[in-house]
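So the structure is just underneath, and the comments pick up after that.
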Amino acid sequence: GGASWLFNSLTASKTAGQTLTHTAGSFNIGVNFSCTSGSFTSSSAGTISFTGAVVGDIAHAGVGTTTFDHIQLAKGAGVDVTSTSDWSVSGNYTNTSGDLVCSGGTVTFTGNSSTHAVNGGAVQYNSVTVAKNGLATLTHSTATGFSVLGDFTCSGPGSFSATAGTVTLNGTSAQGIGGPGAITFNDLSLSGGSTKTLGVSVTINTTLVVTGNSTFAMGTNSVSSDGSSTIQGDPGSTLPIGAAAGISFTGAGWGYSPAN
């Protein structure tokens, strides 16, 4: 129904091949969400919110899938929601307070709408896949960015566009930025001491920062800007530009300044 439901923890445990479907209303979960067998799908305009002052967790096990429509973190300040599992969001992800900390798994953003966004407070993803349909774009428009330990992939045919904030790739193992979907970053920061490989040409509209003995391997891909952009680096980091790759601009151009 369309009511608002309050759970301490919520577990979906369906027979293999079956799906528990959330079709209307909103859920508030105080601690944990888990799908231990089968699948869970939230296919309504309702929001699943993680609330309260207790550390929570999002877990999925088995061959099924977990897909949230709109998901919100509204935990106490500094209170984490953790995850090591694969799960998807077909609507908006919003973080009003608390932190999302994913140390494993992949969070995949799906759906048909360009009104969907990923915004809000501190978020550490393990890996991210943007798999929007058609001409749909996943947007990010708040000053607080997010970080990724693994790969950032826009698998298309939709796109990803950030108009504010910083996307930080800070894994200590090799990371990739992949397509073929179009990717636009506001700021892109690369750290962690590993090689970050660009597998698709991207747009960076403000600042590219390479620090912490990291390497940005562009290969044959390019980085372009539609505005006035800056490249920053420290003495231990490298930005090799392949013969067929390059940095281009259509606005005021690029500048260089050392990273702090």
Side-chain angles (χ1 to χ4, degrees), residues 1-14 19-111 116-129 138 140-150 165-168 170-172:
S4 178
W5 299 84
L6 176 62
F7 298 96
N8 181 57
S9 291
L10 176 63
T11 298
S13 182
K14 301 292 289 184
T19 300
L20 175 65
T21 303
H22 167 218
T23 59
S26 297
F27 290 174
N28 292 317
I29 300 175
V31 187
N32 301 323
F33 172 89
S34 61
C35 183
T36 57
S37 60
S39 296
F40 173 83
T41 298
S42 178
S43 58
S44 73
T47 299
I48 295 179
S49 299
F50 288 83
T51 59
V54 179
V55 172
D57 186 71
I58 300 172
H60 179 89
V63 297
T65 58
T66 291
T67 301
F68 302 104
D69 187 33
H70 302 307
I71 183 171
Q72 178 183 41
L73 259 65
K75 305 289 285 185
V79 179
D80 294 345
V81 172
T82 62
S83 183
T84 59
S85 302
D86 296 336
W87 43 278
S88 300
V89 180
S90 60
N92 296 320
Y93 169 85
T94 306
N95 187 335
T96 58
S97 62
D99 306 328
L100 175 65
V101 181
C102 299
S103 56
T106 298
V107 177
T108 301
F109 293 91
T110 63
H116 292 159
V118 48
N119 286 321
V123 179
Q124 171 77 74
Y125 296 107
N126 183 61
S127 292
V128 172
T129 297
L138 179 70
H140 178 85
S141 59
T142 56
T144 302
F146 58 87
S147 55
V148 183
L149 294 172
T166 300
V167 176
T168 302
N170 58 351
T172 56

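Only this structure's heavy atoms are used, side chains among them; waters, hydrogens and symmetry mates stay out.
Although no hydrogens or angles enter the test, the distance criterion places a donor-acceptor pair under 3.5 Å between the side chain of N119 and the main chain of S141. The main-chain N or O of N92 is found under 3.5 Å from a side-chain atom of H70 such that the two form a donor-acceptor pair. Of the possible donor and acceptor atoms, none in the side chain of T168 sits under 3.5 Å from a partner among the backbone N and O of S147. In this structure, S39 contributes its side chain and T65 its backbone to a donor-acceptor pair below 3.5 Å. The backbone N or O of S37 sits nowhere less than 3.5 Å from a side-chain atom of K14 that would complete a donor-acceptor pair. D99 places no side-chain N or O within 3.5 Å of a backbone atom of D80 that could act as its donor or acceptor partner. Judged by distance alone, the side chain of H60 and the main-chain N or O of D86 form no donor-acceptor pair under 3.5 Å.
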Which pairs of donor and acceptor atoms, one on a side chain in residues 103-111, lie under 3.5 Å apart (sequence neighbours left out)?
none

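Nearest heavy-atom pair, S127 versus G150, reported as atom, atom and distance to 0.1 Å: OG-CA, 3.6 Å. Residue V31 comes nearest to V55 through the heavy atom pair CG1-O, 3.6 Å, listed as atom of the first residue, atom of the second, then distance.
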Go through the steps to decide whether Q124 and L149 satisfy the test side-chain contact (heavy atoms from CB on, under 4.5 Å), and finish with yes or no. CA-CA 7 Å; Q124 171 77 74; L149 294 172; 3.2 Å; yes
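Atom OG1 of T82 is separated from atom CG of D57 by 3.5 Å, given to the nearest 0.5 angstrom. Here the CZ atom belonging to F68 is positioned 4.5 Å from the CD1 atom belonging to I58, to the nearest 0.5 angstrom. Atom-to-atom distance recorded for N28:CG and F7:CZ is 9.5 Å, nearest 0.5 angstrom. Remark: Y125 OH to L100 CG distance equals 6.0 Å, nearest 0.5 Å. From F33, atom CZ reaches atom OG of S83 across 10.5 Å, with rounding to the nearest 0.5 Å. With rounding to the nearest 0.5 angstrom, the OH atom of Y93 is 12.5 Å from the CG atom of L138.
Aromatic ring orientation, F40 versus H22: parallel (interplanar angle below 30°, classes split at 30° and 60°).
T11 and S34 are linked by a side-chain donor-acceptor pair at a separation below 3.5 angstrom, with hydrogens and angles left out of the test.
Looking at residues two or more places apart in sequence or on another chain, you find a side-chain contact (heavy atoms from CB on, under 4.5 Å) between T96 and Q72, A74, T94.
Using a 4.5 Å heavy-atom cutoff, the side chains of S85 and T66 are not in contact. Taking 4.5 Å as the limit, every side-chain heavy atom of N170 sits out of range of all side-chain heavy atoms of V148.
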